[in-house]
**Student:** 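Handing you this structure, nothing more for now.
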Amino acid sequence: MIRIYNTLSQQKEDFRPIQPGKVRMYVCGMTVYDYCHLGHARVLVAFDVITRYLRHRGYDVHYVRNITDIDDKILRRADENGETFTDLTERMISAMHEDEHRLGVLAPNEEPKATDFIDEIIAMIHQLIQKGHAYAADNGDVYFSVDSFDGYGKLSKKKLEDLLAGARVDVDQAKKSPADFALWKAAKPGEVSWQSPWGDGRPGWHIECSAMSTKCLGDTFDIHGGGPDLLFPHHENEIAQSECATGHHFVNTWMHAGAIRVNKEKMSKSLGNFFTIREILDSYPPEVVRYFLVSSHYRSQVDYSEDNLIEAGQTLERLYHALRGVIPGKDVPETDFDHQFHEVMDDDFNTAGAISVLHGVSGALNQARRDGDEDRIRELAAVLVRLGGVLGLLQQDPEAFFKAGVPDDLSAEQIEAMIEARANARKEKNFAEADRIRDELQEKGVILDDSREGTSWRRG
RNA sequence: GGCGCGGUGGCAGAGUGGUUAUGCAGCGGACUGCAACUCCGUGUACGCCGGUUCGAUUCCGACCCGCGCCUCCA
């Protein structure tokens, strides 16, 4: 039985999908006005692992992750760049896909964009007005009336009165209550807009997710996830909109990833302390970044630092070393390691524990190597690749992993030729020449590994 | 101020009412022409103070400290 921590109940619960064997999951994706940063990568990778694991356990997962392609920040950025907002969003969407692909994140089943769901959004707003949960204000905006929904605050555990008492709630004359939020925003002159019964405008941020998730997954679905800062107000507002519009319970399990921090502060756009995925990938192999993210639990905070990335790289190398030179066996049945892996992953996707199982496999594999037990080596290699694959790791050919990133000015053939020259020098006991060749290669970023079987090489 | 989360060995990071993951670094060893790499072995821990218990790092309470949300942010 898989257990998942539910933000709604604040505890781990047995996971029972609405339809046995099928999981319907929605995750809030990117607002595409800039490149993805590490915080986005965390959510992307976390829910990728969750999807992979659920599928590994036999569930048919329908994973929907939206793209917010219209909002204030997009319009402002497009204006600053002197480009149309669609040029900007298309560029950022393809950049996002590139980043995801490099991190080994599988594509969701559906990737709805807000601008493709304007009709559904308008229909839902219309429904909310009819049921008395929303109202058109004098300024052309349409607001959700927070007072009309008794359940408001049940996800974030906030009381409406506390929210109203807070000084940071926007006081807007057009709103009946300061906590009300926009469903439809009237267009300013010259702004991109769509026609609606309440005048030209565009959707508010929260309504798009309600409209798209309902359209793609139905009124009630299993899992809704996202980043830690979406819990309030975004997800709280989604619940209010959806439950008021459909009259049904919205989501069974709410999942939130932990924040990425830099120097003890949350990595965020507003603090400006964020690292984009692409700039991190300039310095570290993508799989190392993924390993770093997966090595701690998805709900915990993690600190981004050079040291942590370097350590992740060293640890990943250890696992690939175990696989080096082995052809994994085929159709290897489940082992005790698989069971251990399932046990920790069943417990709210404990990827840190899962990685420890991976190290257990690699330790056993090394033992088999010492024993010279070829069958056992091939069996364990298969298990390691299989379980690693559930985390989206260890799917590369080990040689490719070790040799990636070698400077272009040195071809594999040249390296092999130098290795051979060194081997000859060593045979003639000309160690000065042998060491000269070794040093020369090291200077160029190539490290030689001597072993009984001969010499292999990898990037430095 | 309101709500929520957390404090584990030098570092990263799981977990558990008693047998104390895993990795990195350190140390010892094997291997090596010498090294590096690799492999094997190995020590150190549960913020503070009370309570419950035969026994608490694990449960309960207080305290200290850190963090997140309450405003756009994954």
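Predicted, not measured: the structure shown is a model, and the values here were computed from it. Sequence lines set the chain letters: A, B, ... in the order given, protein chains first and strands last, and positions in each chain run from 1.
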**Student:** Run the salt-bridge test on A:Asp14 and A:Arg3 with the 4.0 Å N-O cut-off and return the result as yes or no.
**Tutor:** yes
**Student:** Measure from NZ or CZ of A:Arg324 to the centre of the six-membered ring of A:Phe402, then state whether that distance is under 6.0 Å and the direction lies within 45° of the axis.
**Tutor:**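 Yes, A:Arg324 lies over the aromatic ring of A:Phe402.
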**Student:** Determine, for A:Asp34 against A:Arg77, whether the closest basic-nitrogen to carboxylate-oxygen distance falls under 4.0 angstrom.
**Tutor:**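 Yes, A:Asp34 and A:Arg77 are salt-bridged.
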**Student:** 5'-most contact on RNA chain B: A:Gly39 or A:His321, nearest heavy atom basis?
**Tutor:** A:His321
**Student:** Check A:Arg76 with A:Glu80, please: is the shortest side-chain N to carboxylate O separation under 4.0 Å?
**Tutor:**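 Judged by the 4.0 Å cut-off on N to carboxylate O distance, A:Glu80 and A:Arg76 do not form a salt bridge.
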**Student:** Which is true for A:Gln442 with a 4.0 Å heavy-atom rule: it touches a base, it touches only sugar-phosphate, or it touches nothing?
**Tutor:** nothing
**Student:** Atom CZ of A:Arg261 and atom C1' of B:rG7: how far apart are they, to the nearest Å?
**Tutor:**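 From A:Arg261 CZ to B:rG7 C1': 11 Å.
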**Student:** What is the separation between atom OH on A:Tyr298 and atom P on B:rA14, rounded to the nearest whole Å?
**Tutor:** 12 Å
**Student:** What about the rings of A:Tyr63 and A:Phe47, do their centers lie closer together than 6.0 Å?
**Tutor:** no
**Student:** Counting only side-chain N and O atoms of A:Lys269, is one of them less than 4.0 Å from OP1 or OP2 of B:rA74?
**Tutor:** yes
**Student:** What distance, rounded to whole Å, do you find between the two C1' atoms, one in B:rG13 and one in B:rC31?
**Tutor:** 31 Å
**Student:** Is the base of B:rC3 touched by the side chain of A:Lys159 through a donor-acceptor pair closer than 3.5 angstrom?
**Tutor:**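 Side chain to base: no pair below 3.5 Å.
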**Student:** Is there a donor and acceptor pair closer than 3.5 Å between the side chain of A:Arg324 and the base of B:rC37?
**Tutor:** no
**Student:** In this structure, how many angstroms lie between the P atom of B:rC69 and the CG atom of A:Leu160, rounded?
**Tutor:**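 It is 21 Å, rounded to the nearest whole Å.
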**Student:** Would you kindly compare A:Asp303 and A:His234 by the position of their nearest RNA chain B nucleotide and give the one closer to the 5′ end?
**Tutor:**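 Counting from the 5' end, the first nearest nucleotide belongs to A:Asp303.
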**Student:** Which nucleotide in the list B:rC73, B:rC40, B:rA21 gets nearest to the side chain of A:Ser268?
**Tutor:**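 Of the options given, the side chain of A:Ser268 lies nearest B:rC73.
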**Student:** Looking at the base of B:rG13, is there any donor atom on it, or on the side chain of A:Asn308, that sits under 3.5 Å from an acceptor on the other one?
**Tutor:**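 By the distance-only test, no, there is no pair.
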**Student:** Side chain of A:Ser356: nearest nucleotide among B:rC72, B:rC37, B:rA21?
**Tutor:**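 Nearest listed nucleotide: B:rA21.
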**Student:** What interatomic distance, in whole Å, is found between C1' of B:rG43 and the corresponding atom of B:rG7?
**Tutor:**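 Result for the C1' pair: 24 Å, nearest Å.
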**Student:** Identify the nucleotide, in any strand shown, that forms a Watson-Crick or G-U wobble pair with B:rG1, with both distances under 3.5 Å; if there is none, say none.
**Tutor:**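 The answer is B:rC70, by the H-bond criterion.
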